[in-house]
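Every chain is numbered from 1, with letters handed out A, B, ... down the list of sequences. Computed from a predicted structure; not experimentally measured.
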There are 2 protein chains.
Amino acid sequence: MYISARADYALRAMLAVADAAGSTGDPAAGGGELVKAASLAESQDIPLSFLQGILLDLRRAGLLHSHRGTEGGYALTRPPAEISVGDVLRAVGGAITSVRGIPADRAGYHGVATGLRDVWLAVDGAIALVVDRTTLADLLSDRATAP
Amino acid sequence: MYISARADYALRAMLAVADAAGSTGDPAAGGGELVKAASLAESQDIPLSFLQGILLDLRRAGLLHSHRGTEGGYALTRPPAEISVGDVLRAVGGAITSVRGIPADRAGYHGVATGLRDVWLAVDGAIALVVDRTTLADLLSDRATAP
DNA sequence: AGTCTTCCTACCAACTAAATAGGAATACTG
DNA sequence: CAGTATTCCTATTTAGTTGGTAGGAAGACT
């Protein structure tokens, strides 16, 4: 599994948003505090203009909502316990398992290699089990992969 | 998880070697029939000169042994039931899970993102469980991921 | 000697990821 | 209604990897 810089940054940014919103005293469901892109970039060492493109992806995927203007910024659309690592990965990355760029479930094998497709599907399922069960809230409370 | 062309070709080539050796009547442990690179390339539609580099990797990893000359070719060093998909992947690819190119277990996180490292390790373990339990023999008998 | 085959190195082309720059559109402030 | 802060969006540059090719050198058999 290859975690791209985009995916890595996206997760770190989401965690930073969740943390900032939670720590400023408003643990309510959706809204929370608005966090500026610049402060996310600084707290996690992410190039600002690159981060902005990532935040855009996250917004389009419905994980963040944003507000422009002087007191603008970003906030989670759902509480951290309802956003999984898999949600974030899929928002920026597309398919999680791919064979030479094409999704694992449509790899064209023939002859003696036919069984390979099932292996990739099994791998995909195993990965999904981990990343879909782990939420941002889990990560923030530092028990990363509670069974 | 991204399966590169190299990894994909390597697996298909190994399966083709295992199949050719098994079907010519010598199901003995090590040796088997020697299969030429050219016939592997043809049976699985792999560019020959690209395949040769891959076969070299597999040989250096101890999965194949080769013989030059007129009746040369490649053969498995172990029976198909003792070679896992993971063995082949690691032979051509290095680490299975990597974050931005560096191995998952040494990703440098700080602050609120500390927990991410454990997620990648969990993913790595989940993938390993699948690819290390599936052998070439499993794939050849078409019951890909028997639990 | 003469083939046949693996072995090895160097190289090229295309693509993707990563990062940058610059400008709209939008929202609040006074 | 100007002015400013900020998100939003697109185009471009840069660097690295991947996929693939070419051309021999080394070994093995006839």
Rounded to the Å, how far apart are [X] [atom1] and [N] [atom2]?
| X | N | atom1 | atom2 | answer |
| --- | --- | --- | --- | --- |
| A:Y2 | C:dT16 | OH | C1' | 10 Å |
| A:D57 | D:dT10 | CG | C1' | 14 Å |
| A:L58 | D:dT7 | CG | P | 14 Å |
| A:D45 | C:dA18 | CG | C1' | 16 Å |
| B:R6 | D:dG19 | CZ | C1' | 9 Å |
| B:D8 | D:dT18 | CG | P | 14 Å |
| A:E42 | D:dT6 | CD | P | 14 Å |
| A:I54 | C:dT20 | CD1 | C1' | 14 Å |

Options [options], nucleotide nearest the side-chain atoms of [X]:
| X | options | answer |
| --- | --- | --- |
| B:K36 | D:dT6, D:dG19, C:dT6 | C:dT6 |
| B:R59 | C:dT3, C:dA18, C:dC8 | C:dC8 |
| B:R60 | C:dT3, D:dG19, C:dC8 | C:dC8 |

### Query
Taking the side chain as C-beta and beyond, is there a heavy-atom pair between B:M1 and B:V130 under 4.5 Å?
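The answer is no; the side chains never approach within 4.5 Å.
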
For residues 47-55 of chain B, run the donor-acceptor check on the side chains, cut-off 3.5 Å, and write out each pair with its distance to 0.1 Å, sequence neighbours left out.
none

Restricting both atoms to N or O, compile the protein contacts to nucleotides 20-22 of chain D shorter than 3.5 Å, with distance only.
{"from": "D:dG20", "atom 1": "OP2", "to": "B:Y9", "atom 2": "OH", "distance (Å)": "3.2"}

#### Entry: Minimum heavy-atom distance between B:T70 and B:K36, given as atom pair plus value
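The pair with the smallest heavy-atom distance is O-NZ, 3.4 Å.
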
#### Entry: Pairs touching residues 46-68 of chain B that satisfy salt bridge (Lys or Arg N to Asp or Glu O under 4.0 Å), sequence neighbours left out
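Listed once each, the pairs are B:R6-B:D57.
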
### Task
Hey, could you give me each pair passing ring-ring contact (aromatic ring centres under 6.0 Å, His included) that has a residue in residues 82-106 of chain A? Not counting sequence neighbours.
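Every pair satisfying ring-ring contact (aromatic ring centres under 6.0 Å, His included) with a residue in residues 82-106 of chain A: there are none.
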
### Message
Once you apply a heavy-atom cut-off of 4.0 Å, does B:A37 come out as touching a base, just sugar-phosphate, or nothing?
### Response
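Sugar-phosphate contact only - B:A37 comes under 4.0 Å of backbone atoms but never of a base.
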
Might you list the N or O atoms of the protein lying below 3.5 Å from N or O atoms in nucleotides 23-25 of chain C, with each pair's distance?
{"from": "C:dA25", "atom 1": "N3", "to": "A:R68", "atom 2": "NH1", "distance (Å)": "3.2"}

### Query
Going by the side-chain hydrogen bond (donor to acceptor under 3.5 Å, both in side chains) test, which pairs reach into residues 95-113 of chain A, not counting sequence neighbours?
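Pairs touching residues 95-113 of chain A that pass the test: A:T97-A:D124, A:R100-B:Y9, A:Y109-A:W120, A:Y109-B:D8.
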
### Message
Going by the rule side chain to side chain contact (heavy atoms under 4.5 Å, CB included), which residues pair with A:E42 if we only count those two or more places apart in sequence or in a different chain?
### Response
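Testing A:E42 for side chain to side chain contact (heavy atoms under 4.5 Å, CB included), a comparison that skips the adjacent residues, returns none.
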
#### Entry: Partners passing side chain to side chain contact (heavy atoms under 4.5 Å, CB included) against B:L129 (at least two apart in sequence or in another chain)
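Only B:R133 meet the side chain to side chain contact (heavy atoms under 4.5 Å, CB included) criterion with B:L129.
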
### Task
List in chain and number order the residues that pass salt bridge (charged side-chain N to carboxylate O under 4.0 Å, His left out) with B:D45, two or more places apart in sequence or in another chain; answer none if no residue qualifies.
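Residues passing salt bridge (charged side-chain N to carboxylate O under 4.0 Å, His left out) with B:D45: none at all.
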
### Message
Return whichever of A:A7 or B:Y74 has its heavy-atom-nearest nucleotide of DNA chain C closer to the 5' end.
### Response
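The residue closer to the strand's 5' end, by nearest nucleotide, is B:Y74.
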
### Task
Determine: side-chain N/O of B:H65 to OP1/OP2 of C:dT6, distance under 4.0 Å, yes or no.
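Result: no.
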
